Amino acid sequence: MSDLTSRPDVPTAARDARQVPDKVTVDGLEDRWSGAWSEAGTYAFDRTATREQVYSIDTPPPTVSGSLHVGHVFSYTHTDVVARFWRMRGREVFYPMGWDDNGLPTERRVQNYYGVRCDPSLPYVEGFEPPHEGTDGKAVKPGDQVPVSRRNFIELCERLSAQDELQFEALWRRLGLSVDWSMTYQTIGATARAVSQRAFLRNLERGEAYQAEAPGLWDVTFQTAVAQAELEARDYPGAFHKVAFHRPDGEAVVIETTRPELLPACVALIAHPDDERYQHLFGTTVTSPLFGVEVPVLAHPAAEPDKGAGIAMCCTFGDLTDVQWWRELRLPTRSVVGRDGRVLRETPDWITSEAGRATYGELAGKTTFSAREAVVAGLRASGDLLGEPVATQRKANFYEKGDKPLEIVTSRQWYLRNGGRDEELRDALLARGGELAFHPDFMRVRYDNWVGGLNGDWLVSRQRFFGVPFPVWYPLDEQGEPRYDAPIVPDEAALPVDPTSHVPPGYTEAQRGKAGGFVADPDVMDTWATSSLTPQIVCGWLDDPDLFARTFPMDLRPQGQDIIRTWLFSTVVRAHLENGSLPWSHAAISGWILDPDRKKMSKSKGNVVTPMGLLEEHGSDAVRYWAASARLGTDAAFEVGQMKIGRRLAIKILNASKFVLSFGPADEPVSLDASLVTQPLDRAMLAGLAEVVDQATAALEAYDHTRALELSETFFWTFCDDYLELVKDRAYGAGASAADVTEATASARAALGLALDTLLRLFAPVLPFATEEVWSWWREGTVHRAPWPTSDALRAAADGTDPGLVAGAGAALAALRKVKSEAKVSMRTPLEHAVLDVPAALRAGVEAAIDDVRNAGRATGTLEVATSEGETVVARDARLGEAAPR
RNA sequence: GGGCGAUUGGCUCAGUGGUAGAGCGCCUCGUUCACACCGAGGAGGUCACUGGUUCGAACCCAGUAUCGCCCACCA
């Protein structure tokens, strides 16, 4: 009866069951089947498959230091539906899972959990045990944290992540993700570090990575440089201050500024070259108030006449426009704000007047906030503050994880070319975006906007301790100064290295930090510098060329819309530079989960409803149904009601299947022999199903799982409510033994068998547990490795029958039901007489199935059929009998 | 300021040129020999607004409003 041969990935639980239980339930299916799948290796990746046979997925590695919330369940379900569909389509699905344990969140969590902090200057300690374990609800204070080497810190991170990962994996298994759990990776693991370092070294070799000392955005809290992609513009309260500079003759030139504390860092006043008000000042100099520094008045087109006074104070550096002016007008560097966000303590030499030096002395060491107050007080006293400051809400750049506005400081950093300063590369990356299939397509504009708007290369270095170190040392000259122009790199075979504990080739540890010796690059890579390489990490770019050839470029990147500019773009950059290709051909972008009040579901609220709690309460199939009923790229409401509908559907599948399998003898309850389907109604039902199969398949191929589910679901309910009701008496074949079933009965049983077989496959990607449960009652193997249905066999069985016949018969049945419903009697009440007024278009269906209609409607007497002008079937002249005694 | 998306019955959403759809909720009734985690029947919408194109517009075009998001804006 089955066309499937037994295979090793068949869950054994399935073979043992092989019978329909008396009572069916969705409860407990998760444990039963996730265990069976794991044991049988149902989702194990077969690495002998060729690239054409493989469908590879670049799964987002969830941050293990955080917790999973319903948004994760939502988007990971979308990916799993895709994975299951392609697996059934016959593709070998490469579906690994990563854990993101690299970056600031993990760093903080490890500090608090183990009571340690990373100090890369310390040596590695073998067998180190942390002083503390567990958070006890409160963090270990920074002062009580024990300093440890970077290697020890990374080991602790891996240890903590391993614990977190177990919980995450348990949740994903319960949700039914068809991941191959033998393939997991960590973003701080040795493979990921080696891949990051090797990719960096190759970028360096090709000139794609470079170092530069330049002004850049700087977070004073974390004391690290920040990349453009990590910026967030936020409203920040400020005030416009009108400040008078003075010409040599004493005439005042008034500017407006929100950063008066940068007055000592002023290098010029700048106005637009066409601004008539300031023509006479260009080429002259003015003197700053309080500090008495002479600065030129210059023209530059970036100055906007209608902003402020139309003439701006250019400081090093108040904002990115200052940097532009500084660069293009070749202005001197006069920095006064240090990396800690405080005014530099040493009085700068460009302030020469005694009064100016005294004023600066009062500012030294102050935060920018306190310095501002002091400068404003000074200006007020000197009469150079005109009027009172006017409060304003201005936008300031923040590091997305920080809470103080970013400063601009000059520092030496590593950059990776990403087209931000190179039109040719930018165009090439835009073209790559054009090759990538975004789902939904409109998400592409976020990529285009971002790449088109880049204003510099990708800053990849961070002044943090934890992360993937740059695999670079610098020789020290005779004066002990590092020679940044001559970096020493390790052999690729030695990766991953930690330059703070490993020694570069040709040196000894004793030479570390000594003149004539070497020094390690102290920085670590931006976390995106590692996660941008997830395809290379999972596909074995480092040391498994065979696997790489079978999986890369990958097929799918699923991810959130918020990280198109970071994760998606940076991955495209790396693959373009390293592999000369796109990293994947499709990008599936999931939407947000919204609160009932249409706000993005916050983490705090998300944590109130824990994912595991949801799965336990509603069942995994139900939660998956809710997720799968939202389209890619569309925000979805967190709606328990939708989960209840999913649960109902799963239960209905169990019950309807049980019913279908109850008609025939236990050893062969239904047939899959299409040649037995002879009755028009049965053929019409299969014809309709064939259309559903074609449309659902096309929808899934187009990454529209919602449409596919809707089509299958709609068909299924009609199948249950009308078709099943119409044919059940015939399918029972009352009184007929297995040996002599009538042709009509055999037809119904075969049609039901073919339909059930098809429907289970159609639902399997969304409802893996309920469908597998039913499959185990009568089929061999697992539905999840069964071939995706095709319409060919169904169409052959339908033999050209019009699928509309089902609608006609269904309408006739509904008309009879309506008579009873309006008479407020039981559906079992016999109908002794009625006339069906049938529109011409439905007449064929009614007549073809008139015996089934009669049975299903309990029409015991005469049932006449007349043609009507109406739009639907109406029953009239009904005469109801006595309800059958119970 | 630029852009993207959304606006359809109480709720959540389908519907891209041909007489408004689904599920939930609601109302009425029935039912426990597949399914009470059930079934049947029913009520309920001038498709945000204003113009335009068209024989015909929820759908196409122009604009407006509201909501969400992305980018830019720091004098």
Side-chain angles (χ1 to χ4, degrees), chain A residues 20 23-27 231 233 235-236 238 240-243 255-259 262 269-271 302-304 306-315 318-322 392-397 405-406 440 442-446 448-450 452-453 455 561-562 564-565 591-592 594 596 598-600 618-619 622 626 629-631 633-642 644-645 647-663 706-707 710 713-714 717 720-721 724-725 728 813-829 871 883 886:
Chain A
V20 184
K23 265 288 187 193
V24 301
T25 174
V26 294
D27 295 323
L231 297 186
D235 284 321
Y236 191 69
F240 289 117
H241 303 73
K242 283 189 179 170
V243 177
I255 58 102
E256 280 192 41
T257 179
T258 57
R259 301 286 309 267
L262 293 179
L269 298 192
I270 296 172
E304 296 180 35
D306 53 353
K307 264 191 189 172
I311 185 164
M313 167 174 89
C314 174
C315 306
D319 61 37
L320 294 173
T321 314
D322 285 345
T392 175
Q393 280 290 325
R394 63 196 194 102
K395 289 279 188 185
N397 279 323
L406 296 174
F442 68 79
M443 288 293 178
R444 172 190 313 285
V445 301
R446 301 203 181 193
D448 293 342
N449 287 348
W450 179 253
N455 58 29
Q561 55 189 300
D562 51 331
I564 289 174
R565 66 174 178 171
W592 300 120
L594 302 177
R598 309 304 302 175
K599 294 265 170 56
K600 182 183 163 190
H618 302 284
W626 159 72
S629 50
R631 292 179 300 170
T634 303
D635 296 344
F638 176 74
E639 212 194 344
V640 170
Q642 198 67 9
K644 292 188 171 158
I645 296 164
R647 184 179 175 88
R648 193 181 68 149
L649 175 62
I651 292 169
K652 189 79 174 180
I653 287 172
L654 296 181
N655 279 307
S657 301
K658 184 181 117 183
F659 189 41
V660 166
L661 296 175
S662 71
F663 295 135
T706 311
R707 176 88 185 122
E710 188 190 9
E713 195 184 359
T714 302
W717 284 106
C720 290
D721 294 344
L724 207 41
E725 290 295 322
K728 64 184 181 187
L813 178 58
L816 300 185
R817 283 172 181 154
K818 187 170 180 176
V819 166
K820 297 181 187 177
S821 190
E822 285 177 349
K824 302 190 177 181
V825 299
S826 159
M827 291 299 148
R828 284 176 189 286
T829 309
E871 292 183 357
R886 293 278 65 235

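Computed from a predicted structure; not experimentally measured. Residue numbering restarts at 1 for every chain, and letters A, B, ... go by the order of the sequence lines.
Looking at heavy-atom distances under 4.0 Å, A:Thr706 makes no contact with the nucleic acid at all. Using a 4.0 Å heavy-atom cutoff across all strands shown, A:Gln642 reaches no nucleic acid atom at all. Within the 4.0 angstrom heavy-atom criterion, base atoms lie near A:Glu304. Nucleic acid contact for A:Lys307: base, since at least one base atom lies under 4.0 Å from a heavy atom of the residue. Counting non-hydrogen atoms under 4.0 angstrom, A:Tyr236 reaches nothing in the nucleic acid. Residue-level contact check: A:Arg259 touches neither bases nor backbone, having no heavy atom under 4.0 Å from any strand. Nucleic acid contact for A:Ile255: none, since no nucleic acid atom lies under 4.0 Å from a heavy atom of the residue. Base contact: A:Ala233 has a heavy atom under 4.0 Å from a base atom.
For B:A34, neither phosphate oxygen OP1 nor OP2 lies less than 4.0 angstrom from any side-chain nitrogen or oxygen of A:Ser662. The phosphate of B:G15 (OP1 or OP2) has a side-chain N or O of A:Arg631 nearer than 4.0 angstrom.
Proximity of a side-chain donor or acceptor of A:Lys658 to a complementary backbone N or O of A:Val24 within less than 3.5 Å is not detected. Judged purely by atom type and a 3.5 angstrom limit, A:Ser821 has no side-chain atom pairing as donor or acceptor with the backbone of A:Lys818. Using a distance-only test at 3.5 Å, with no hydrogens or angles considered, a donor-acceptor pair links the side chain of A:Arg647 to the main chain of A:His618.
A:Asn449 has its CG atom 10 Å from the P atom of B:G3, to the nearest Å. Rounding to whole angstrom units, CG of residue A:Leu320 and P of B:A72 are separated by 10 Å. For the pair A:Lys644 NZ and B:C24 C1', the computed distance is 10 Å after rounding to whole Å. Rounded to an integer number of Å, the gap from A:Asn397 CG to B:C73 C1' is 10 Å. A:Met313 places its CE atom 13 Å from the C1' atom of B:C74, with the value rounded to the nearest Å. Taking atom CZ of residue A:Arg828 and atom C1' of nucleotide B:C33, one finds them 7 Å apart after rounding to whole Å. Taking atom CD of A:Glu713 as the reference point, atom P of B:G23 lies 9 Å away to the nearest angstrom. Rounding to whole angstrom units, NZ of residue A:Lys658 and P of B:C37 are separated by 14 Å.
We find that A:Arg446 and A:Asp562 are not joined by a salt bridge, their nearest charged nitrogen and carboxylate oxygen being 4.0 Å or further apart.
Figure legend. B:U53 is base-paired to no nucleotide; pairs are counted as Watson-Crick or G-U wobble with both atom distances under 3.5 Å. Nucleotide B:A20 forms no Watson-Crick or G-U wobble pair with any nucleotide shown, as no partner meets the under 3.5 Å limit on both distances. Nucleotide B:G45 has no partner under the Watson-Crick or G-U criteria, as no pair reaches both atom distances under 3.5 Å. Shown here, B:C59 forms no base pair; nothing in the strands shown gives a Watson-Crick or G-U wobble contact with both key distances under 3.5 Å. If you check B:C4 for Watson-Crick or wobble pairing at under 3.5 angstrom, you find it paired to B:G68. Figure legend. B:G39 is base-paired to B:C29; pairs are counted as Watson-Crick or G-U wobble with both atom distances under 3.5 Å. Across all strands shown, B:A34 remains unpaired; no Watson-Crick or G-U wobble contact has both distances below 3.5 Å.
Closest to the side chain of A:Glu725, from the set B:A75, B:G23, B:A34, is B:A34. Minimum atom distance to the side chain of A:Ile651 is reached by B:C37, of the listed B:C69, B:C37, B:A72. Nearest nucleotide to the side chain of A:Lys824, out of B:A75, B:A34, B:U28: B:U28.
Expressed to the nearest 0.5 Å, how far CG of A:Asp721 lies from CD of A:Glu725 amounts to 7.5 Å. To the nearest 0.5 Å, the span separating NZ on A:Lys307 from CD on A:Glu256 amounts to 12.5 Å. A distance of 7.0 Å separates CZ in A:Arg565 from CG in A:Leu231, rounded to the nearest 0.5 Å. For the atom pair CD1 of A:Ile255 and SG of A:Cys314, the computed distance is 11.5 Å after rounding to the nearest 0.5 Å. Here CG of A:Asn397 is found 6.0 Å from CG of A:Leu406. Values are rounded to the nearest 0.5 Å.
Across B:C47 and B:A20, the matching P atoms stand 10 Å from one another, rounded to whole Å. A gap of 28 Å separates the P atoms of B:C37 and B:A43, to the nearest Å. The P atoms of B:G63 and B:G3 are separated by 10 Å, rounded to the nearest whole Å. Straight-line distance between the C1' atoms of B:A57 and B:U19: roughly 13 Å, to the nearest whole Å. Rounded to a whole angstrom, the distance from the C1' atom of B:A72 to that of B:G1 is 8 Å. Between B:G23 and B:G15, the distance separating the two C1' atoms is 15 Å to the nearest Å. The same atom, P, is picked in B:U12 and in B:U50; the two are 24 Å apart, to the nearest Å. For the P atom pair drawn from B:C49 and B:C59, the interatomic distance equals 10 Å after rounding to whole Å.
Across all their heavy atoms, A:Gly633 and A:Pro440 have their closest contact at CA-CD, 3.6 Å.
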Which atoms of nucleotides 39-43 of chain B (N or O only) lie under 3.5 Å from a protein N or O atom, and what are those distances?
residue, atom, partner, partner atom, Å
B:G39, OP1, A:Lys652, NZ, 3.3
B:A40, OP1, A:Asp721, OD1, 3.3
B:A40, OP1, A:Asp721, OD2, 3.2
B:A40, N3, A:Ser821, OG, 3.4
B:G41, O4', A:Ser821, OG, 3.3
B:G42, OP1, A:Lys818, NZ, 3.1

Please list, for nucleotides 58-62 of chain B, all pairs of protein and nucleotide N/O atoms separated by less than 3.5 Å.
none

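In this structure the side chain of A:Thr257 never reaches within 4.5 angstrom of the side chain of A:Leu262, judged on heavy atoms. Two residues are said to be in side-chain contact when any heavy atoms from C-beta on lie closer than 4.5 Å; A:Trp450 and A:Ile564 fail this criterion. Between A:Asp635 and A:Gln561 the shortest side-chain heavy-atom distance falls below 4.5 Å.
The base of B:C70 is not paired with the side chain of A:Arg446 by any donor and acceptor separated by under 3.5 Å.
When the nearest nucleotides of RNA chain B are assigned to A:Met443 and A:Lys728 by heavy-atom distance, the more 5′-ward of the two goes with A:Met443.
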